[in-house]
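So the structure is just underneath, and the comments pick up after that.
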Amino acid sequence: MKHDLIDELFRKYYNEALLYTMSLCRNKAMAEDIVSEAFFKALGSADDSIRDFKPWLLAVCRNEFLMHSRKQSRISDTELHEGMSVQEDEILHHIIKREEYCELYRTISALADSQKEVIVLFYFNGLRVKGISEVIGKSEANVKVLLHRAREELRKNMEVLR
């Protein structure tokens, strides 16, 4: 790949990949490492068969996160989510700049991991059902069901907050 193309892809997709990865691991430093490694692997193994780079990159990010999680299996899932420091929370608030998004983000964070993942990919990363299906490795029908249930859960939780 040409250097200019790599720079363009990095500039175009880095923030979206970082936000998606942070939604998975909830740790900025870990997310940055995972995204950097994902870009390195994605760009190193890219070929002409890739039709849409963004879903493919996000799938690589997801796989990197899962590999990293397996390596860190001695740390329980709850410890990872509860161990989010005040500084990391402030970073999330800077990424999601407007106040109304902070409430929505907290509500999304309370969803089950599979629901949270499809919501983030659909609304924040702009992927359609087919792209999400490619990223998470589930059928399009399954993604539609996950999106429907996640939207219903969000609606219920947002109504409770009001």
Side-chain angles (χ1 to χ4, degrees), residues 1 5-85 88-89 91-92 94-96 101 104-151 153-154:
M1 284 190 163
L5 179 60
I6 293 171
D7 284 344
E8 180 184 337
L9 290 172
F10 188 82
R11 272 187 263 118
K12 186 173 182 178
Y13 296 117
Y14 178 80
N15 288 333
E16 293 178 50
L18 181 63
L19 183 61
Y20 170 64
T21 306
M22 282 182 66
S23 76
L24 295 174
C25 67
R26 303 183 66 131
N27 180 309
K28 186 175 190 288
M30 184 188 304
E32 288 173 339
D33 290 344
I34 290 171
V35 171
S36 295
E37 185 65 27
F39 260 103
F40 177 75
K41 286 184 176 183
L43 294 173
S45 63
D47 59 19
D48 293 337
S49 68
I50 300 167
R51 290 187 304 244
D52 195 357
F53 185 77
K54 183 178 175 180
W56 188 67
L57 173 66
L58 295 178
V60 174
C61 287
R62 182 176 193 267
N63 291 338
E64 284 296 310
F65 166 72
L66 294 174
M67 283 182 9
H68 184 76
S69 294
R70 282 186 215 114
K71 288 178 185 176
Q72 301 295 324
S73 63
R74 59 185 143 78
I75 301 172
S76 73
D77 189 49
T78 27
E79 289 174 329
L80 281 174
H81 292 307
E82 291 173 0
M84 191 166 153
S85 72
E88 291 166 339
D89 196 29
I91 292 170
L92 287 176
H94 288 296
I95 290 176
I96 305 170
Y101 287 129
L104 177 61
Y105 185 79
R106 281 190 292 273
T107 306
I108 291 170
S109 294
L111 292 173
D113 287 341
S114 59
Q115 292 177 344
K116 176 175 49 177
E117 187 174 19
V118 295
I119 289 290
V120 168
L121 288 170
F122 189 82
Y123 290 105
F124 293 96
N125 291 105
L127 292 182
R128 297 289 137 218
V129 171
K130 183 177 181 180
I132 296 170
S133 172
E134 292 172 14
V135 170
I136 66 174
K138 295 190 179 194
S139 70
E140 290 183 35
N142 194 312
V143 169
K144 289 177 184 178
V145 169
L146 282 170
L147 272 170
H148 174 73
R149 290 180 180 163
R151 288 176 185 137
E153 190 68 26
L154 274 176

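Just so it is clear, the values below take in all heavy atoms, side chains as well, and ignore hydrogens, waters and symmetry mates.
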Does this structure show an ion pair linking Glu32 with Lys28, if we count only N-O contacts that are shorter than 4.0 Å? yes

Asn142 meets the side chain to side chain contact (heavy atoms under 4.5 Å, CB included) criterion, sequence neighbours left out, with Lys138, Ser139, Leu146

Rounded distance (nearest 0.5 Å) linking atom [atom1] of [X] with atom [atom2] of [Y]:
{"X": "Leu57", "Y": "Cys61", "atom1": "CG", "atom2": "SG", "answer": "4.5 Å"}
{"X": "Leu147", "Y": "Tyr123", "atom1": "CG", "atom2": "OH", "answer": "6.5 Å"}
{"X": "Leu121", "Y": "Ser133", "atom1": "CG", "atom2": "OG", "answer": "11.0 Å"}
{"X": "Asn27", "Y": "Thr21", "atom1": "CG", "atom2": "OG1", "answer": "11.5 Å"}
{"X": "Asn15", "Y": "Phe10", "atom1": "CG", "atom2": "CZ", "answer": "8.5 Å"}
{"X": "Ser69", "Y": "Arg62", "atom1": "OG", "atom2": "CZ", "answer": "10.5 Å"}

Taking C-beta and beyond as the side chain, do [X] and [Y] meet within less than 4.5 Å on heavy atoms?
{"X": "Ile108", "Y": "Phe124", "result": "yes"}
{"X": "Arg26", "Y": "Ser109", "result": "yes"}
{"X": "Glu64", "Y": "Phe40", "result": "no"}
{"X": "Ile34", "Y": "Glu37", "result": "no"}
{"X": "Tyr20", "Y": "Leu24", "result": "yes"}

### Pro55 backbone acceptor or donor facing Asp52 side chain under 3.5 Å
no

